[in-house]
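One-based numbering along the sequence shown. Numbering of ligands and ligand atoms starts at 1, following listing order.
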Amino acid sequence: MVIRWRHVVGVLVACILGAFLVTWSGLISIKASTGHWRITDIVLHWVMRSSVRSAAIGTKVPAFTKGMLPMAAGHFEAGCAVCHGSPAMPRPDSVAKMLPPPPDLKDKIVTWSDAELFLIVQHGVRYTGMPAWPVADREDEAWAMVAFLRRYPELDGDQYRALTGFTAIASQGMDRLIATCNGCHAPDRLRPESLIPRLAGQSSTYLEQALIAYANETRRSGVMAVAIEKLTEAELKDLAHHFAGEGADPMPLLAGDLFERGQTLALKGDPSRGVPACLSCHDKAEANPSYPRLSGQPAAYLANQLRLFVEKKRGGGPFKEVMTRAAAKLEANDISALAAYFSARDIADQNAPN
Ligand code: HEC
Ligand code: HEC
Ligand code: HEC
């Protein structure tokens, strides 16, 4: 028999009409309670795997550092464990009824490459409850999460709790909030390679402006967005007051020659390249309270914030443009030198001539 075009078109039209009728009849269930047929489940996961695999091609994987882990682990506890469970807590029953249910990630992570995990964490998975990263315009936070996920399958409950910094908190009210913040910000857990800032030593004005900036998204961080999402403005102010003030010790010095270079730049700037003297604004005895103190901050945190300023992604409080301009001409080696200098700078240097 010769197949003619009108037969092909006829069959196609019949298929489309058939599909339309089945859909219209209401026979296809969208009830989540009955689950997917096995075949639907296989097809959907095949689509997900293929889509993620193709999108991951060409994605450049950055170097993972130890400093990424505490921040990502703390965020996992605050923003992922509610659905996926953790080594310290089984998946809640309520989410097991989601369709598809969020899987226990222990066995899943090994089946994805770093680039694929990044895409899932940054963009989420459509048609499932898997959300995208809370802020879209920076990638470093999702990469830190990938670094943590790589470690995740080996962690037992105690190792997980140690890394996340979360302990069972018996207190209530403000004390409870402070304990949650300290899960990440506790000064004794911070190292030069940490991406988490030290709050002690800042003015309450700066801390309050930073928290308000996170709340109204003029400073964008998925980690901080989740950490403060349920808090009122009054609570943010109280927290800023609590964390301000205390002194901050310098961090151990990472590399000596970088310190010297950073010190020269911080004191004098480099007028030939349009780099201002950082110490003309920062860490002065009579500094503007909206200008943060840099001395004693983890070097990795300082470097990451400077990179964000250079890329015009940092945002901040009412004076953020001042700093965006100050950072505009910084190059990668300036950033590592300045970060090393300020991290190890003793606050006793505060009154050094400048
Ligand atoms: C609201 C619930 C929810 C939250 C919160 C959530 N997820 Fe998911 N996640 C899901 C669901 C649902 C899937 C899809 C499961 C599937 O494909 O069958 C998923 C899938 C994943 C996968 C792919 C697993 C696989 O192989 O199927 C990874 C990895 C993942 N999530 C990591 C995370 C991380 C990291 C976070 C926190 C930043 C997070 N998820 C937050 C619900 C959630
Ligand atoms: C899961 C870890 C985590 C938790 C919990 C957390 N933070 Fe943060 N915090 C961070 C990270 C990471 C940053 C840097 C984010 C960025 O790149 O802007 C940050 C930044 C900040 C800043 C800006 C500091 C500066 O020098 O600019 C303030 C203020 C702050 N956090 C306060 C709090 C308070 C108050 C709480 C408790 C309600 C809290 N944080 C809970 C990880 C955390
Ligand atoms: C003209 C004043 C000025 C100069 C000069 C200046 N800064 Fe800043 N800097 C600011 C202000 C204001 C902010 C606060 C921005 C905000 O609202 O978050 C800031 C923020 C920062 C932060 C973020 C700190 C944190 O806790 O998140 C870093 C890091 C920083 N500056 C480093 C430098 C370095 C390094 C230099 C020298 C190259 C420099 N600054 C020069 C005004 C200045």
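- The closest protein non-hydrogen atom to atom 30 (C) of ligand 3 is Met323 CE, 3.4 Å.
- Closest to atom 12 (C) of ligand 2, if we only count protein heavy atoms, is Met71 SD, 3.4 Å.
- Side-chain N or O atoms of Arg198 include one that pairs as donor or acceptor with a backbone N or O of Gly296 at under 3.5 Å.
- Side-chain contact annotation: Glu77 with Tyr160, donor-acceptor N/O pair under 3.5 Å present.
- Per-residue contacts place Leu117 under 4.0 angstrom from the following atoms of ligand 1 (heavy atoms of the residue considered): 29 (C).
- Checking Ile335, Leu294, Leu330 against atom 28 (C) of ligand 3, the nearest heavy atom belongs to Leu294.
- Ligand 3 lies less than 4.0 angstrom from a heavy atom belonging to Arg314.
- Ring centroid separation for the pair Tyr291 and Tyr206 does not come in under the 6.0 Å cut-off.
- Per-residue contacts place Thr180 under 4.0 angstrom from the following atoms of ligand 2 (heavy atoms of the residue considered): 5 (C).
- Close approach of ligand 2 to Gly74 is summarised as follows: ligand atoms under 4.0 Å from at least one heavy atom of the residue are 1 (C).
- When heavy-atom distances to ligand 2 are checked against a 4.0 Å cut-off, Val226 has no atom that comes that close, whether in backbone or side chain.
- Close N/O approach between Gln305 and ligand 2 is found [any backbone or side-chain N/O within under 3.5 Å].
- In terms of protein heavy atoms, atom 2 (C) of ligand 1 is closest to Cys83 SG, 1.9 Å.
- Geometrically, Arg138 does not engage Trp143 in a cation-pi contact defined by less than 6.0 Å to the ring centre and at most 45° from the axis.
- With salt bridges taken as basic N to acidic carboxylate O contacts below 4.0 Å, one links Asp140 and Arg307.
- Not a single heavy atom of Val125 sits under 4.0 Å from any atom of ligand 1.
- When only non-hydrogen protein atoms are considered, atom 22 (C) of ligand 3 lies nearest to Phe309 CE1, 3.7 Å.
- The nearest protein atom to atom 26 (O) of ligand 1, hydrogens excluded, is given as Trp112 NE1, 2.8 Å; this is a heavy-atom distance.
- Across Cys184, Cys181, Pro70, heavy-atom proximity to atom 1 (C) of ligand 2 is greatest for Cys184.
- Given atom 27 (O) of ligand 3, the protein heavy atom at minimum distance is Tyr301 OH, 2.6 Å.
- The protein heavy atom nearest to atom 42 (C) of ligand 3 is His282 NE2, 3.8 Å.
- The contact set between ligand 2 and Ser221, taken as ligand atoms under 4.0 Å from a residue heavy atom, comprises 15 (C), 16 (C), 18 (O).
- Residue contacts with ligand 2, taken as heavy atom pairs separated by less than 4.0 Å, do not involve Leu236 at all.
- What sits closest to atom 33 (C) of ligand 1 on the protein, heavy atoms only, is Met130 CE, 3.3 Å.
- Looking only at heavy atoms of the protein, atom 7 (N) of ligand 1 is closest to His84 NE2, 2.8 Å.
- Expressed to the nearest 10°, the angle at atom 8 (Fe) of ligand 2 joining NE2 in His185 with SD in Met224 is 170°.
- Taking every heavy atom of Leu207 and a limit of under 4.0 angstrom, the matching atoms of ligand 2 come to 29 (C).
- Under 2.8 Å from atom 8 (Fe) of ligand 3 lies no N/O/S atom of Cys278, from backbone or side chain alike.
- A salt bridge is absent between Arg325 and Glu321; no separation between the charged side-chain nitrogens and carboxylate oxygens falls under 4.0 Å.
- If you look at Thr111 next to ligand 1, there are no close heavy atoms at all, none under 4.0 Å.
- Between His75 and ligand 1, no N or O atom pair is found at a separation short of 3.5 Å.
- With respect to atom 5 (C) of ligand 3, the closest heavy atom belonging to the protein is Cys281 SG, 3.5 Å.
- For Arg198, no heavy-atom contact with ligand 2 is shorter than 4.0 Å.
- Neither the backbone nor the side chain of Asn304 comes within 4.0 Å of ligand 2, counting heavy atoms alone.
- Protein heavy atom closest to atom 15 (C) of ligand 3, with residue, atom name and distance, is Lys320 CA, 4.1 Å.
- Ser203 and Arg293 are not linked by any side-chain donor-acceptor pair at a separation below 3.5 angstrom, with hydrogens and angles left out of the test.
- Under the 4.0 angstrom criterion for non-hydrogen atoms, Pro292 is in contact with ligand 3.
- Contacts between Glu141 and ligand 2 below 4.0 angstrom, taking non-hydrogen atoms only, are absent altogether.
- Residue-to-ligand polar distances place Arg138 within reach of ligand 2: an N/O pair is separated by less than 3.5 Å.
- Distance check for Thr128 against atom 8 (Fe) of ligand 1: none of its N/O/S atoms falls below 2.8 Å.
- Counting protein heavy atoms only, atom 37 (C) of ligand 1 is closest to Cys80 SG, 1.8 Å.
- Within ligand 2, counting atoms from 1 as listed, the ones closer than 4.0 Å to a heavy atom of Arg219 are 16 (C), 18 (O), 23 (C), 25 (C), 27 (O).
- Below 4.0 Å from some heavy atom of Gly79 lie the following atoms of ligand 1, by number and element: 5 (C), 37 (C), 41 (C).
- For ligand 2, the atoms sitting less than 4.0 Å from at least one non-hydrogen atom of Leu231 are 38 (C), numbered in the order shown with element in parentheses.
- Of the protein's non-hydrogen atoms, Gly317 N, 2.7 Å is the one closest to atom 17 (O) of ligand 3.
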